[in-house]
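Below is one structure, written out as structure tokens, with a few remarks after it.
Keep in mind that the numbers below use all heavy atoms, side chains included, and drop hydrogens, waters and symmetry copies. The chains referred to below are lettered A, B, ... by the order of the sequence lines, with proteins before strands, and numbering in each begins at 1.
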Number of protein chains: 2
Amino acid sequence: MSSYKNKKVITIGIVSELTGLSERQIRYYEERKLIFPERSKGGTRKFSFSDVERLVDIANKMEDGMQTFEIRKAEQRQLRENELRDRMLRGQINAAFNIRK
Amino acid sequence: MSSYKNKKVITIGIVSELTGLSERQIRYYEERKLIFPERSKGGTRKFSFSDVERLVDIANKMEDGMQTFEIRKAEQRQLRENELRDRMLRGQINAAFNIRK
DNA sequence: CGTGTAAGGAATTCTGACACG
DNA sequence: CGTGTAAGGAATTCTGACACG
């Protein structure tokens, strides 16, 4: 869903304008595995609107004094929690369904 | 609405890949007033996803043998018709509303 | 750690023109 | 009319490094 939001089509200059971050900062956040732009054949980075949103979020966290590895850790933690929640939810649904039968 | 769809952020090379059109064709369709990309300070064209959609539509019409000025005319005609329809619709709504009072 | 910057090179884009038809 | 192409130049992006802290 939202096919446009996740299409990697924006070059770093535009992303810089959109986010207010310097190109240097954006490249550094990629180096720290916070964002994952694609590349053109020639090697030019291509970002999505999702990446732009994420960068704004990252910028806020950096302002709050968070370090890049903390941001990465926090996101991974969030991912695991979501997976756990989904698994438990599915389990409950299955249980409820079996009781009825 | 759909803020992403209308944001002019895509360079011509990407648009070319997305549409299958050559950069030459894209620039020519701009010259013929079928699309209206914005420009960066340096003069680089910036397109939106809407422009990409429109270009695909244009490409289809060109394949059908339509000429650029015909495509432009057809779109203007469509615009006028929509405006007329909207005006009439608003008139009917107002009329119905006044009858009730 | 996070970011600025100068450096040199490569990829990308731009315009105007010639060509074909 | 619509599109390809070679030409020359300008804007954009890339990497690796040095600097500061």
Side-chain angles (χ1 to χ4, degrees), chain A residues 7-52 54-77, chain B residues 7-52 54-77:
Chain A
K7 276 236 163 197
K8 307 271 186 174
V9 297
I10 316 177
T11 51
I12 197 167
I14 310 275
V15 173
S16 175
E17 287 180 8
L18 257 36
T19 60
L21 296 169
S22 69
E23 300 186 5
R24 179 69 165 99
Q25 288 175 305
I26 296 168
R27 294 194 188 102
Y28 181 67
Y29 299 153
E30 178 191 18
E31 186 184 322
R32 300 312 305 270
K33 309 287 184 194
L34 293 179
I35 46 174
F36 305 92
E38 294 180 357
R39 298 282 182 140
S40 71
K41 306 90 210 169
T44 304
R45 268 167 271 251
K46 298 185 296 182
F47 302 80
S48 67
F49 280 113
S50 278
D51 292 328
V52 171
R54 176 182 288 268
L55 280 167
V56 170
D57 187 53
I58 291 170
N60 287 332
K61 287 176 178 163
M62 292 296 289
E63 277 184 29
D64 295 345
M66 217 182 284
Q67 291 187 314
T68 56
F69 82 91
E70 294 177 302
I71 296 175
R72 191 170 57 253
K73 286 279 181 193
E75 283 177 359
Q76 291 172 349
R77 205 177 307 126
Chain B
K7 275 238 163 195
K8 307 270 187 177
V9 297
I10 318 178
T11 51
I12 197 166
I14 310 274
V15 173
S16 175
E17 287 180 9
L18 257 36
T19 60
L21 295 169
S22 69
E23 300 186 5
R24 179 67 165 99
Q25 289 175 304
I26 297 168
R27 294 195 188 102
Y28 181 66
Y29 298 153
E30 177 191 19
E31 186 184 321
R32 300 312 307 270
K33 309 288 184 192
L34 294 179
I35 47 173
F36 305 92
E38 293 180 358
R39 300 281 182 141
S40 72
K41 307 91 212 168
T44 305
R45 268 169 271 251
K46 298 185 293 181
F47 301 82
S48 66
F49 280 114
S50 278
D51 292 329
V52 172
R54 176 181 289 266
L55 280 168
V56 171
D57 187 54
I58 291 170
N60 287 331
K61 288 176 178 163
M62 293 296 288
E63 275 184 29
D64 294 346
M66 217 182 284
Q67 291 188 312
T68 56
F69 83 91
E70 293 177 304
I71 296 174
R72 189 171 56 252
K73 285 280 180 193
E75 283 177 358
Q76 290 173 350
R77 205 178 307 126

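Pairing of D:dT12, defined by two Watson-Crick or G-U wobble distances under 3.5 Å, is identified with C:dA10.
Residue A:Ile12 holds its CD1 atom at 8.5 Å from OG of A:Ser22, rounded to the nearest 0.5 Å. Atoms NZ and NZ, from B:Lys46 and B:Lys7 in turn, are 9.0 Å apart once rounded to the nearest 0.5 Å. To the nearest 0.5 Å, atom CG of residue A:Leu18 and atom CG of residue A:Asp51 are 11.5 Å apart.
Look at CD on A:Gln25: it is 8 Å from C1' on C:dG2, rounded to the nearest Å. What separates CZ of A:Phe47 from C1' of D:dT12 is a distance of 13 Å, to the nearest Å. Rounded to an integer number of Å, the gap from A:Glu23 CD to C:dG2 C1' is 17 Å. What separates CG of B:Leu21 from C1' of D:dT3 is a distance of 11 Å, to the nearest Å. Protein atom CD1 of A:Ile71 is 8 Å distant from nucleotide atom P of C:dG2, rounded to whole Å. Computed from coordinates, the B:Gln67 CD to D:dT3 C1' distance equals 14 Å when rounded to whole Å.
Residue B:Ser40 places at least one side-chain N or O closer than 4.0 Å to OP1 or OP2 of D:dT12. Taking 4.0 angstrom as the limit, A:Tyr28 places none of its side-chain polar atoms (N or O) nearer than this to OP1 or OP2 of C:dT3. The phosphate of D:dT13 has OP1 or OP2 within less than 4.0 Å of a side-chain N or O from A:Thr11. The shortest distance between the side-chain N/O atoms of B:Ser22 and the OP1/OP2 oxygens of D:dG4 is below 4.0 Å. Applying the 4.0 Å criterion to OP1 and OP2 of C:dG2, one finds that A:Thr68 has a side-chain N or O inside that range. When the side-chain nitrogen and oxygen atoms of A:Arg24 are compared with OP1 and OP2 of C:dG2, none of them lie within a distance under 4.0 Å. In this model, the phosphate group of C:dT3 is approached by a side-chain N or O of A:Tyr29 to a distance below 4.0 Å at OP1 or OP2.
Around the CZ atom of B:Arg54, the shell of radius 6.0 Å holds no more than 12 heavy atoms that belong to other residues, nucleotides or ligands.
Using a 4.0 Å heavy-atom cutoff across all strands shown, A:Arg45 reaches sugar-phosphate atoms only and no base atom.
Heavy-atom nearest nucleotides on DNA chain D were determined for B:Arg32 and for B:Gly43, and the one closer to the 5' end corresponds to B:Arg32.
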